[in-house]
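Worksheet: one structure, shown below.
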Number of protein chains: 2
Amino acid sequence: MGKSTFVIKQRAYLKLYMLHAAEKGRLYGLQILEELQNHFKDLGYKPTKSEIYKSLHELLKEGYVVREPITKEGTEMQTIYIYRLGDKEKVKAYKDTIKADIDRSIALLNRALKDNYSQKRG
Amino acid sequence: MGKSTFVIKQRAYLKLYMLHAAEKGRLYGLQILEELQNHFKDLGYKPTKSEIYKSLHELLKEGYVVREPITKEGTEMQTIYIYRLGDKEKVKAYKDTIKADIDRSIALLNRALKDNYSQKRG
DNA sequence: TCATGAACAGCATGTTCATCC
DNA sequence: GGATGAACATGCTGTTCATGA
């Protein structure tokens with residue numbers, strides 16, 4: 001896990017969702033952005049374009065996903081990139097480490113609730 | 001809450017614990033640090049000296065705590081600062097906003113678990 | 001304009017240095 | 001050496017700019 005500091009970083013969190021998008025296939029950058037912004041709207045979280053791209057690029061560089069250029073036919077020609085999962089075993093191992101980090105983060109947050117907001121008796 | 005981004009910041013999290021320490025009284029900076037490092041050891045989280053001091057200074061500046069210098073008698077004279085809670089109502093309101101942020105953070109993390117690690121049937 | 005990037009700036013946080021008993 | 005700070009440096013993230021179709 002490297003050096004574990006406070007809670008999970010946004011980047012790792014988003015990479016997890018990028019893998020999820022790659023699993024489904026047929027999604028490209030800005031489309032994923034829009035879906036996620038919508039998905040998290042109720043929690044007041046609005047990921048940005050640059051974080052999405054950086055997450056995608058990192059996953060690509062690390063070999064968790066592969067991508068292929070597609071020419072999107074419309075009023076004009078536009079090149080987009082569709083992402084797909086790379087080696088399944090490797091991806092699974094990676095997802096496991098992220099899950100551990102999320103679990104740890106939740107534990108940290110729950111501890112704060114317990115320590116600071118529990119009713120004190122007496 | 002200002003502009004809510006991803007999960008709660010370490011600073012806010014620590015300030016909550018600083019208030020807790022101020023409630024108990026009789027604790028100074030480095031002592032709080034040691035206690036917290038010990039308290040979170042099992043979760044792999046080790047807060048640093050500078051974050052503790054910054055949290056304390058912010059709370060002081062914002063009026064949530066007050067402090068008084070104490071000359072610690074020992075082999076040598078040493079000046080330490082003991083913190084106490086400021087206006088109770090104000091502190092309570094502040095703690096409420098932090099709690100909301102923690103709740104929101106937990107919801108965000110739980111959503112990731114649900115979206116990415118639930119068994120898919122079929 | 002939509003889509004992909006990169007560059008840049010700001011801020012959160014960790015590491016090192018300074019000062020005082 | 002223990003305690004409090006500040007300065008410095010790194011790193012994460014948001015905003016802006018650049019390029020192409």
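Just so it is clear: chains get the letters A, B, ... in the order the sequence lines come, proteins before strands, and each one is counted from 1.
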Heavy-atom check, side chain of A/Leu16 versus side chain of A/Ile102, under 4.5 Å:
yes
Measure from CD1 on A/Ile8 to P on D/dC12 and round the result to the nearest Å.
13 Å
Nearest to the side chain of A/Arg67, which nucleotide is it out of C/dG5, D/dT13, C/dA3?
C/dG5
Length of the NZ-P vector between A/Lys46 and D/dG14, whole Å:
12 Å
Whole angstrom value for the distance that separates C1' of C/dT15 from CD1 of B/Ile52:
16 Å
For DNA chain C, determine which residues of residues 53-61 of chain B have any heavy atom closer than 4.0 angstrom to one of its atoms, and list them numerically.
B/Lys54
Please identify each residue that fulfils side-chain contact (heavy atoms from CB on, under 4.5 Å) with A/Tyr17, with sequence neighbours left out.
A/Tyr13, A/Leu36, A/His39, A/Phe40, B/Arg111, B/Ala112, B/Asp115, B/Asn116
Under 4.0 Å, heavy atoms only, any strand: does B/Gln10 hit a base, just the sugar-phosphate, or nothing?
sugar-phosphate
To the nearest angstrom, how far is B/Glu68 atom CD from D/dT4 atom C1'?
17 Å
Can you tell me if A/Arg104 uses its side chain to pair, donor with acceptor, with the backbone of B/Leu43 under 3.5 Å?
yes
Separation of atom NZ in B/Lys9 from atom P in C/dC11, rounded to whole Å
12 Å
Please give, in whole Å, the distance from C/dT13 P to B/Arg11 CZ?
6 Å
Side-chain heavy atoms of B/Tyr64 within contact of B/Leu85, under 4.5 Å:
no
List for me each residue that meets side-chain hydrogen bond (donor to acceptor under 3.5 Å, both in side chains) alongside B/Tyr28, sequence neighbours excluded, and say none if there are none.
B/Lys72
Would you list the pairs meeting salt bridge (Lys or Arg N to Asp or Glu O under 4.0 Å) in which at least one residue belongs to residues 79-91 of chain B, sequence neighbours left out?
B/Glu68-B/Arg84
Determine whether any donor atom in the side chain of B/Lys49 lies under 3.5 Å from an acceptor atom in the base of D/dG5, or the reverse, and answer yes or no.
yes
Euclidean distance, atom OH of residue B/Tyr28 to atom P of C/dC20 [Å, nearest integer]
20 Å
Against the side chain of A/Thr48, the closest entry in D/dG14, C/dG14, C/dT13 is D/dG14
Find the distance B/Lys15:NZ to C/dA12:P and express it as a whole number of Å.
10 Å
Check whether any side-chain heavy atom of A/Ile82 sits under 4.5 Å from a side-chain heavy atom of A/Arg67, and report yes or no.
no
DNA chain D-proximal residues of residues 29-41 of chain B, any heavy atom under 4.0 Å
B/Gly29, B/Leu30
Using distance only, find each side-chain donor-acceptor pair of residues 47-56 of chain B under 3.5 Å and give its atom names and separation, not counting sequence neighbours.
{"from": "B/Glu51", "atom 1": "OE1", "to": "B/Arg11", "atom 2": "NE", "distance (Å)": "2.9"}
{"from": "B/Glu51", "atom 1": "OE2", "to": "B/Arg11", "atom 2": "NH2", "distance (Å)": "3.1"}
{"from": "B/Ser55", "atom 1": "OG", "to": "B/Glu51", "atom 2": "O", "distance (Å)": "2.7"}

Between B/Ser105 (side chain) and B/Ile8 (backbone), is there a donor-acceptor pair under 3.5 Å?
yes
